[in-house]
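Residue numbers start from 1 in every chain, and the chains themselves are labelled A, B, ... in the order their sequence lines are given, proteins ahead of strands.
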Protein chains: 2
Amino acid sequence: MRNHALVKGMQRAEVARRTGTNLETVRYYEKVGLLPEPPRTQSGYRNYDTTHERRIRFVLRARELGFSLDEIRALLRLVDERDQPCADARVVAATHLEDVRAKIADLRRMELVLKDVVKQCGDGTLPACPLIETLFRENAVT
Amino acid sequence: MRNHALVKGMQRAEVARRTGTNLETVRYYEKVGLLPEPPRTQSGYRNYDTTHERRIRFVLRARELGFSLDEIRALLRLVDERDQPCADARVVAATHLEDVRAKIADLRRMELVLKDVVKQCGDGTLPACPLIETLFRENAVT
DNA sequence: GTGCAGTCTGTAGCGGCTACAGGCTCAAGA
DNA sequence: TCTTGAGCCTGTAGCCGCTACAGACTGCAC
């Protein structure tokens, strides 16, 4: 049984395909310390297994939620090193949630102004352009 | 009258201070073609006037509204070259408005998930961490 | 054996700045 | 007059999160 080539691994292209990651991104994540260095074949090819795949998925899901790579590194360190990571992980997530809310607030301010100027521009046949005048005026956003 | 050293200009530090721009950013905007090259003094110092200041403010306001430098270049080209820039400018702004709305939608999705996991984590004393389990699970964001 | 696809490495590029090194210039003070 | 220090000049490198490409090697099919 053990001789059955214990859990045959996969190469970079396969793990990328299975996780929906760009091929180069996998190597990048390894380089920046998000992914442990996989074992290599005799000729130096990387050999991934399901733990790598699982970890890549973690990174991708966290990226989808907008976590920075630094935050993800922190989360993964908690996972790896702490028995009870929840309190610390919660802090990371709560801080990030505040960042996300701040970004939303910024974007909503932009949206309001943009919506207004586009409306004022009407069909664009005005002699003076409200958009351009807004941009030349001070305190466009307030 | 004309001999009165026609409109004495200012140097980079002053125009930066007056517009609230970082000193280096002014040079950067010149380098990437958002700002025309100002005249130089005999010793090569840049000499800005109020038209440069006005243009820098335009760029800053547009940045506050989230326009990319490419979009700003396009807007400025319209200002410089078109008699009636409003129709084209409106298209640039409307397109950007759509981008902003898409970003808001993305962030709101993130916010919902994050809010939920932070809430589930409670005070962080749970044995299993809902946040971390969510990240290891597929389709964190849906 | 020969082709071709896959992998390896290192490096450069994107956007939008920001910062710093190393050299010049300029104005004020001793 | 000489010096000192602040300001300006240039070019270049760094930040983030990838992405892409060059040039060399490997591995598999025909």
Side-chain angles (χ1 to χ4, degrees), chain A residues 5 8-35 37-48 52 55-76 96 99-100 103 106-107 110, chain B residues 8-35 37-48 52 55-56 58-76 96 99-100 103 106-107 110:
Chain A
K8 189 175 166 301
M10 48 193 156
Q11 293 191 334
R12 196 147 54 99
E14 188 178 349
V15 81
R17 188 184 52 71
R18 284 173 59 90
T19 54
T21 321
N22 180 296
L23 184 62
E24 304 286 346
T25 305
V26 177
R27 190 159 64 97
Y28 175 73
Y29 285 164
E30 181 183 326
K31 185 178 145 200
V32 298
L34 291 170
L35 212 54
E37 295 186 21
R40 305 284 186 125
T41 65
Q42 282 199 332
S43 61
Y45 285 20
R46 288 174 182 79
N47 199 263
Y48 298 98
H52 294 98
R55 205 165 171 105
I56 291 171
R57 286 193 204 282
F58 184 100
V59 177
L60 292 180
R61 300 308 162 224
R63 292 294 296 140
E64 283 174 13
L65 291 175
F67 286 100
S68 71
L69 296 191
D70 262 2
E71 288 167 329
I72 297 171
R73 231 186 316 266
L75 289 172
L76 284 169
H96 177 54
D99 294 348
V100 168
K103 270 187 199 146
D106 279 350
L107 287 165
M110 296 177 195
Chain B
K8 189 177 166 301
M10 47 193 157
Q11 292 189 336
R12 194 147 54 99
E14 188 177 349
V15 80
R17 189 184 51 70
R18 285 173 59 89
T19 54
T21 322
N22 180 296
L23 184 61
E24 305 286 344
T25 306
V26 176
R27 189 158 67 96
Y28 175 72
Y29 285 164
E30 181 184 326
K31 185 177 144 201
V32 298
L34 290 170
L35 212 53
E37 294 186 23
R40 304 286 186 123
T41 65
Q42 282 199 332
S43 60
Y45 285 20
R46 288 175 181 78
N47 200 262
Y48 297 98
H52 293 99
R55 206 165 170 103
I56 292 171
F58 184 99
V59 176
L60 293 180
R61 301 306 162 226
R63 292 293 297 140
E64 284 173 14
L65 291 176
F67 286 100
S68 71
L69 296 191
D70 262 2
E71 289 167 329
I72 298 171
R73 231 186 316 266
L75 289 172
L76 284 168
H96 177 54
D99 294 348
V100 168
K103 270 187 201 148
D106 278 350
L107 286 165
M110 295 178 194

If you measure from the Lys or Arg side-chain nitrogens to the Asp or Glu carboxylate oxygens, is any gap between A:Glu64 and A:Arg61 under 4.0 Å?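 Salt bridge flag = yes for A:Arg61 with A:Glu64.
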
Considering only NZ, NE, NH1 and NH2 on the basic side and carboxylate oxygens on the acidic side, decide whether A:Asp106 and A:Lys103 come within less than 4.0 Å.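 Judged by the 4.0 Å cut-off on N to carboxylate O distance, A:Asp106 and A:Lys103 do not form a salt bridge.
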
Find which nucleotide of DNA chain C each of B:Thr25 and A:Ser43 is nearest to by heavy atoms, and output the residue with the more 5' nucleotide.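 It is A:Ser43, whose closest nucleotide lies nearer the 5' terminus.
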
For the side chain of [X], starting at C-beta, report the closest nucleotide among [options].
X       : options                : result
B:Tyr28 : D:dG11, D:dC18, C:dC17 : C:dC17
A:Arg27 : D:dA20, D:dG17, C:dG16 : D:dA20
B:Gln11 : D:dC8, C:dG16, C:dG6   : D:dC8
A:Asn22 : D:dG17, D:dT19, C:dT9  : D:dT19

Quickly work out the [X] [atom1] to [N] [atom2] distance and round it to whole Å.
X       : N      : atom1 : atom2 : value
A:Leu34 : D:dC16 : CG    : P     : 12 Å
A:Glu30 : C:dT9  : CD    : C1'   : 12 Å
B:Ile56 : C:dG16 : CD1   : C1'   : 16 Å
B:Glu24 : D:dT12 : CD    : C1'   : 12 Å
A:Asp99 : D:dC16 : CG    : P     : 15 Å
B:Leu23 : C:dC20 : CG    : C1'   : 12 Å

I would like to know whether B:Tyr48 and B:Arg46 meet side-chain contact (heavy atoms from CB on, under 4.5 Å); could you show each step before the answer? CA-CA 6 Å; B:Tyr48 297 98; B:Arg46 288 175 181 78; 3.0 Å; yes

Looking at B:Leu23, is its backbone amide N or carbonyl O close enough to the side chain of B:Arg12 to form a donor-acceptor pair, meaning the two atoms are under 3.5 Å apart?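 Yes.
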
For [N], take OP1 and OP2 only and decide whether either is under 4.0 Å from a side-chain N or O of [X].
X       : N      : result
A:Arg12 : C:dG6  : no
B:Arg40 : D:dT10 : yes
A:Arg46 : C:dC8  : yes

Is any side-chain heavy atom of B:Arg63 closer than 4.5 Å to a side-chain heavy atom of B:Ile72?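 The answer is yes; the side chains approach within 4.5 Å.
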
Is there a donor and acceptor pair, one atom on the side chain of A:Tyr45 and one on the base of C:dG6, closer than 3.5 Å?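 It does, because a donor-acceptor pair links the side chain of A:Tyr45 to the base of C:dG6 below 3.5 Å.
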
Under 4.0 Å, heavy atoms only, any strand: does A:Tyr29 hit a base, just the sugar-phosphate, or nothing?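 Contact class for A:Tyr29: sugar-phosphate only.
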
